[in-house]
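Data block below; observations after.
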Amino acid sequence: MQNELAVIVNEGSAAWGKVKIVVNGNREITDVTIDQSMMEDKTKLEEAVKEAFKDATGMKFQMKLAKKMQAMGGLDMLKNMGG
């Protein structure tokens, strides 16, 4: 199941696109892009990273995961894994 979820990716951004984070369906960060101009203010960069992560894992991402889980058999699949 983790392999199936790993193929779902979503990008979040902040600071007018100057900070971007890509996460997969396992909520692992797979890519981070930071514009050089953000390096000048540590506090702004820290806030932008948090905002980009929230954006990447927000409602749109949750909907993608829900659709994938449903396509994979939803919770019924988990019942069969219990043995």
Side-chain angles (χ1 to χ4, degrees):
M1 184 186 289
Q2 287 181 332
N3 290 340
E4 292 287 327
L5 293 176
V7 299
I8 298 172
V9 294
N10 199 53
E11 179 180 281
S13 64
W16 298 278
K18 292 180 180 178
V19 175
K20 297 178 184 175
I21 293 178
V22 177
V23 296
N24 67 21
N26 294 317
R27 290 197 168 101
E28 298 169 334
I29 296 173
T30 60
D31 193 29
V32 176
T33 305
I34 300 172
D35 185 274
Q36 184 64 36
S37 66
M38 293 300 292
M39 301 298 195
E40 297 171 9
D41 188 332
K42 181 180 180 284
T43 303
K44 282 185 182 178
L45 175 57
E46 291 169 344
E47 287 302 314
V49 168
K50 288 190 279 186
E51 287 179 37
F53 184 76
K54 284 181 187 177
D55 186 38
T57 59
M59 185 57 74
K60 189 178 356 175
F61 182 62
Q62 297 300 323
M63 296 299 290
K64 282 184 183 181
L65 288 179
K67 286 180 183 178
K68 184 65 171 182
M69 292 291 287
Q70 188 175 22
M72 292 170 44
L75 295 177
D76 291 335
M77 184 179 181
L78 295 176
K79 291 178 190 174
N80 296 329
M81 293 175 69

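Please read these numbers as outputs of a predicted model, since none were measured by experiment. Just the heavy atoms: all of them, side chains too, but no hydrogens, waters or symmetry mates, feed the values below.
Annotation: the span from D31 atom CG to K20 atom NZ amounts to 10.0 Å, rounded to 0.5 Å. Distance check: Q70 CD to L65 CG gives 13.0 Å after rounding to the nearest 0.5 Å. Put simply, CD1 on I8 and NZ on K64 are 8.0 Å apart, with the number rounded to the nearest 0.5 Å. Between K60 atom NZ and E11 atom CD the span is 9.5 Å, to the nearest 0.5 Å.
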Check against side-chain contact (heavy atoms from CB on, under 4.5 Å), K50 and E47: CA-CA 5 Å; K50 288 190 279 186; E47 287 302 314; 3.0 Å; yes
Residue pair F61, D55: steps toward the side-chain contact (heavy atoms from CB on, under 4.5 Å) verdict: CA-CA 9 Å; F61 182 62; D55 186 38; over 6 Å; no
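In this structure a side-chain-to-backbone donor-acceptor pair under 3.5 Å is present from N10 to A56. Here the side chain of N24 pairs a donor or acceptor atom with the backbone of N26 at under 3.5 angstrom. A distance-only check finds a donor-acceptor pair linking the side chain of T30 to the backbone of V22 [under 3.5 Å].
Pairing each heavy atom of A48 with each of A14, the nearest pair is O-CB, 3.3 Å. L45 and M39 make their closest contact through CD2-SD, 4.1 Å (heavy atoms, listed as atom of the first residue, atom of the second, distance). Taking each heavy atom of R27 and Q62 in turn, the nearest pair found is NH2-NE2, 2.5 Å.
M38 and I21 fall within a single hydrophobic cluster, where Ile, Leu, Val, Met, Phe, Trp and Tyr side chains are chained together by heavy-atom contacts under 4.5 Å. Side-chain heavy atoms closer than 4.5 Å link hydrophobic residues (I, L, V, M, F, W, Y) into clusters, and following such links, even through other members, never connects M69 to M63. Transitive grouping of hydrophobic side chains (ILVMFWY, heavy atoms separated by less than 4.5 Å) keeps V9 and V23 in distinct clusters.
Using a 4.5 Å heavy-atom cutoff, the side chains of V19 and S13 are not in contact.
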